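See structure below.
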Amino acid sequence: MAETPLINNQEALETLAPVIAAPIRHHVFVCTGKSCSAVESAEVKLAFERELLEREILFGKAKKGKNPKGSILVTECGSVGFCAIGAAVMIYPDGIWYAQVRAGDVPEIVEEHLINGRVVDRLALLKVPSTGKQVTSNSSPDLQKWEA
């Protein structure tokens with residue numbers, strides 16, 4: 001297989017990947033893997049797109065009805081690591097992981113978090129970087145060591 005040469009020309013890179021020149025403020029990842037799909041994560045992703053389109057801040061190609069100068073990018077992904085309590089949503093660069101998100105929660109996340117910078121605490125599971133949580137158990141000191 002031939003090696004693909006690196007593109008060093010910034011203009012060529014921007015033509016191939018316009019997102020690198022966009023004024024992106026947030027990147028929303030919505031898990032659409034098997035477990036999250038079972039709790040309607042596809043509808044959550046569509047709700048994000050609908051809300052952001054209405055506000056004209058969803059980044060994307062104009063021919064797809066999106067805004068090439070939009071400030072928020074939405075991406076579906078296969079897993080964010082806690083699908084058992086999905087639908088799971090991560091928002092970067094803030095590093096907030098939301099759990100049990102339903103389509104009806106999306107307007108609140110958009111308004112509060114993405115527009116006003118306030119985390120929706122009732123859905124927020126974790127902020128990255130995280131210090132982790134200490135398990136307090138006298139019966140098993142090994143429980144205090146987190147391991148994947």
Side-chain angles (χ1 to χ4, degrees), residues 4 6-7 10 13-148:
T4 304
L6 288 176
I7 301 169
Q10 186 70 23
L13 288 171
E14 290 175 16
T15 300
L16 293 169
V19 69
I20 65 174
I24 301 296
R25 290 181 327 133
H26 289 100
H27 195 157
V28 178
F29 293 90
V30 180
C31 175
T32 56
K34 186 176 180 179
S35 295
C36 285
S37 290
V39 288
E40 302 179 344
S41 62
E43 288 80 0
V44 170
K45 180 181 176 277
L46 289 172
F48 270 106
E49 290 176 343
R50 234 183 349 265
E51 276 297 308
L52 298 169
L53 276 170
E54 285 176 16
R55 296 169 185 261
E56 299 181 347
I57 56 176
L58 179 62
F59 172 79
K61 295 180 179 181
K63 67 181 180 183
K64 292 186 176 184
K66 299 176 182 179
N67 184 352
K69 298 193 184 309
S71 60
I72 300 174
L73 183 62
V74 175
T75 302
E76 71 179 74
C77 61
S79 175
V80 297
F82 53 92
C83 299
I85 52 175
V89 173
M90 290 191 317
I91 298 180
Y92 279 93
D94 305 338
I96 302 297
W97 292 23
Y98 288 112
Q100 300 183 77
V101 177
R102 302 298 178 258
D105 298 317
V106 171
E108 180 182 8
I109 294 171
V110 169
E111 181 67 26
E112 290 301 313
H113 187 146
L114 298 175
I115 303 299
N116 294 313
R118 295 185 294 256
V119 173
V120 180
D121 289 328
R122 69 182 181 82
L123 297 169
L125 179 67
L126 177 68
K127 179 172 175 63
V128 176
S130 173
T131 58
K133 293 186 178 181
Q134 289 294 320
V135 177
T136 55
S137 172
N138 296 332
S139 61
S140 180
D142 289 339
L143 288 177
Q144 295 181 7
K145 299 175 187 165
W146 185 86
E147 186 176 306

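Because the structure is a prediction, the values reported are computed rather than measured. We number each residue from 1, following the sequence as shown. In what follows, every heavy atom counts, from backbone to side chain, and hydrogens, waters and symmetry copies are set aside.
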Exam field: side chain Asn67 to backbone Lys69, donor-acceptor pair closer than 3.5 Å: yes
Test item: Leu114 and Val28 side chains (from C-beta on) under 4.5 Å apart, heavy atoms: yes
Heavy-atom check, side chain of Glu108 versus side chain of His113, under 4.5 Å: no
Non-hydrogen side-chain atoms of Val110 and Ile115 separated by less than 4.5 Å: yes
Chi angles and distances behind the side-chain contact (heavy atoms from CB on, under 4.5 Å) call for Phe29, Ile91: CA-CA 6 Å; Phe29 293 90; Ile91 298 180; over 6 Å; no
Ile72 and Ile24, any side-chain heavy atoms less than 4.5 Å apart: no
Separation between CG of Leu46 and CD of Glu76, rounded to the nearest 0.5 Å: 9.0 Å
Considering all heavy atoms, the nearest Gly70-Ala22 contact: O-CB, 4.5 Å
Side-chain donor/acceptor of Tyr98 to backbone N/O of Val120, under 3.5 Å: yes
Can you list, pair by pair, the side-chain donor-acceptor contacts under 3.5 Å of residues 49-62, counting residues two or more places apart and other chains?
residue	atom	partner	partner atom	Å
Glu49	OE2	Lys45	NZ	2.8
Arg55	NH1	Glu111	OE1	3.0
Arg55	NH2	Glu111	OE1	2.8

Close side-chain approach of His26 and Pro93, heavy atoms under 4.5 Å: yes
Residues Glu43, Arg102: salt bridge by 4.0 Å N-O rule: no
Distance-only polar pair, side chains of Thr75 and His27, donor-acceptor under 3.5 Å: yes
Residue pair Ala103 / Pro107: nearest heavy atoms and the distance that separates them: O-CD, 3.6 Å
Between CG on residue Leu73 and NZ on residue Lys66, distance to nearest 0.5 Å: 8.5 Å
Could you list the donor-acceptor pairs under 3.5 angstrom formed between side-chain atoms of residues 33-41 and any protein atom two or more places apart in sequence or on another chain?
residue	atom	partner	partner atom	Å
Ser37	OG	Thr32	O	2.8
Ser37	OG	Gly33	O	2.8
Ser41	OG	Cys31	O	2.9
Ser41	OG	Cys36	O	3.3
Ser41	OG	Ser37	N	3.4

Inter-residue atom distance Thr15.OG1 - Gln10.CD, 0.5 Å rounding: 10.0 Å
Lys127 with Asp94: basic N within carboxylate O range, under 4.0 Å: no
Gap between atom CD of Glu112 and atom CG of Asp121 - 0.5 Å precision: 10.0 Å
